[in-house]
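Each remark here refers to the structure printed beneath this line.
For the numbers below, each heavy atom of this structure counts, side chains included, while hydrogens, waters and symmetry mates do not. Both counts, for ligands and for their atoms, begin at 1 and track the order of listing. Counting from 1, the numbers follow the sequence of the chain as shown.
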Amino acid sequence: MKILVGVKRVVDYNVQIRAKADGSAVELENVKMAINPFDEVAVEAAVRLKEAGQASEVIAVSIGPDKAQETLRQALAIGADRAILVLHDGTTEPLSVAKTFKALAEQEGAGMVMLGKQAIDDDCNQTGQMLAALMGWPQGTFASGLTVSGEQIEVTREVDGGLETVALNLPAVITADLRLNEPRFASLPSIMKAKKKPLDSIDAASLGVDLTPRLELLGVVEPPARASGSVILANAAELVEKLKTDAVLV
Ligand code: AMP
């Protein structure tokens, strides 16, 4: 079974996000980019299935700019066998990403598509669900545990009341939650090896997919700065007085 894994290049989660001065978009100039954390977990899960003899090949896929090659190399260093970069400058939207994965899953004859539960830049949490609908495949979203047995996969999901385990027939779409695993640290030899693994760059048009955004971004604003606090607790009487007179306590 071939597994396709989604790998999105996003702003590193440690970076303090800023809006551009004209409010037209998030500032990406000179900002550290990284693999979407949920996607790193998805790659690790797919590689573990291959190591357990339950998958034949792990193919990392990114839709993004030429620089997304770096992100794909990270996935290759974790253990993916090869990578496909669908070249696209600018934002990607869940529906067109899902259509791209559909085209690739059909072309590759994939038995599973493993995505992150959400991309931390758009927080959409839609791509896996849309892909499952387009393919007519079952979906196991927010996976925190996976067991493949034959033509079935058991997916443990974190739901409000606890843990829910569902059994799906393969092929299926799985989206990874952070608790699914702890991705391995890519060693220097694996990073060197990753440089030699195949990475194909293709156009979305060759897959018959149009990646032009359907949504218009009206503006990006940063949250209001927090007002400074004050120390008021010399004694309980002072606190009671403040509570009576100040409308807002910070
Ligand atoms: P979203 O629905 O945008 O929150 O994304 C959910 C998941 O879809 C991500 O964790 C990725 O695995 C995959 N995905 C979304 N956009 C891309 C992209 N541009 N390239 C590769 N994978 C993507």
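Residue Glu222 places its CD atom among more than 12 non-hydrogen atoms of other residues, nucleotides or ligands, all under 6.0 Å distant.
Which parts of ligand 1 touch Gly6 is read off a 4.0 Å heavy-atom cut-off, strictly below it: atoms 12 (O), 22 (N). Per-residue contacts place Ala119 under 4.0 angstrom from the following atoms of ligand 1 (heavy atoms of the residue considered): 1 (P), 3 (O), 4 (O), 5 (O), 6 (C), 10 (O). Close approach of ligand 1 to Asn125 is summarised as follows: ligand atoms under 4.0 Å from at least one heavy atom of the residue are 1 (P), 2 (O), 4 (O). Heavy-atom proximity to Asp122, at under 4.0 Å, picks out these atoms of ligand 1: 1 (P), 3 (O), 4 (O). Atoms of ligand 1 lying under 4.0 Å from any heavy atom of Gln126, numbered from 1 in the order shown and given with element: 2 (O).
In terms of polar-atom proximity, Thr92 is counted as a contact of ligand 1, with an N or O under 3.5 Å from an N or O of the ligand.
Leu104 CG to Lys99 NZ: the interatomic distance, rounded to the nearest 0.5 Å, is 14.5 Å. The OG atom of Ser62 lies 11.0 Å from the CD atom of Glu70; values are rounded to the nearest 0.5 Å.
Applying salt bridge (Lys or Arg N to Asp or Glu O under 4.0 Å) to Asp81 and the options Lys196, Lys50, Lys197 leaves one that passes, Lys50.
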Verdict with reasoning, Val113 to Ile174, per side chain to side chain contact (heavy atoms under 4.5 Å, CB included): CA-CA 6 Å; Val113 178; Ile174 309 295; over 6 Å; no
Apply side chain to side chain donor-acceptor pair (under 3.5 Å) to Gln152 and Asn169, showing your working. CA-CA 5 Å; Gln152 275 210 336; Asn169 289 329; 3.3 Å; yes
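The nearest protein atom to atom 7 (C) of ligand 1, hydrogens excluded, is given as Gly116 O, 3.3 Å; this is a heavy-atom distance. Scanning the protein heavy atoms around atom 16 (N) of ligand 1, the nearest turns out to be Lys8 CD, 3.4 Å. Residue, atom and distance of the protein heavy atom nearest to atom 20 (N) of ligand 1 are Ile63 N, 3.0 Å. Among all non-hydrogen protein atoms, the one lying nearest atom 8 (O) of ligand 1 is Thr127 CB, 3.4 Å. If you check which protein heavy atom lies closest to atom 14 (N) of ligand 1, you get Val97 CG1, 3.9 Å.
Proximity of Val61 to ligand 1, defined as any heavy-atom pair under 4.0 Å, is confined to the backbone N, CA, C and O atoms. Using a 4.0 Å cut-off between heavy atoms, Asp39 contacts ligand 1 through its side chain alone, with no backbone atom that close. The backbone of Val7, and not its side chain, has at least one atom closer than 4.0 Å to an atom of ligand 1 (non-hydrogen atoms only; backbone = N, CA, C, O). With a heavy-atom cut-off of 4.0 Å, Leu115 touches ligand 1 through backbone and side chain alike.
Between the side chains of Ser144 and Arg157, not a single donor N or O lies within less than 3.5 Å of an accepting N or O. A donor-acceptor contact under 3.5 angstrom links the side chains of Asn125 and Gln129, judged on distance only. A donor and an acceptor atom, one from each side chain of Glu44 and Asn181, are nowhere located under 3.5 Å apart.
Remark: the backbone N or O of Ile191 is not paired with any side-chain donor or acceptor of Arg73 at under 3.5 angstrom.
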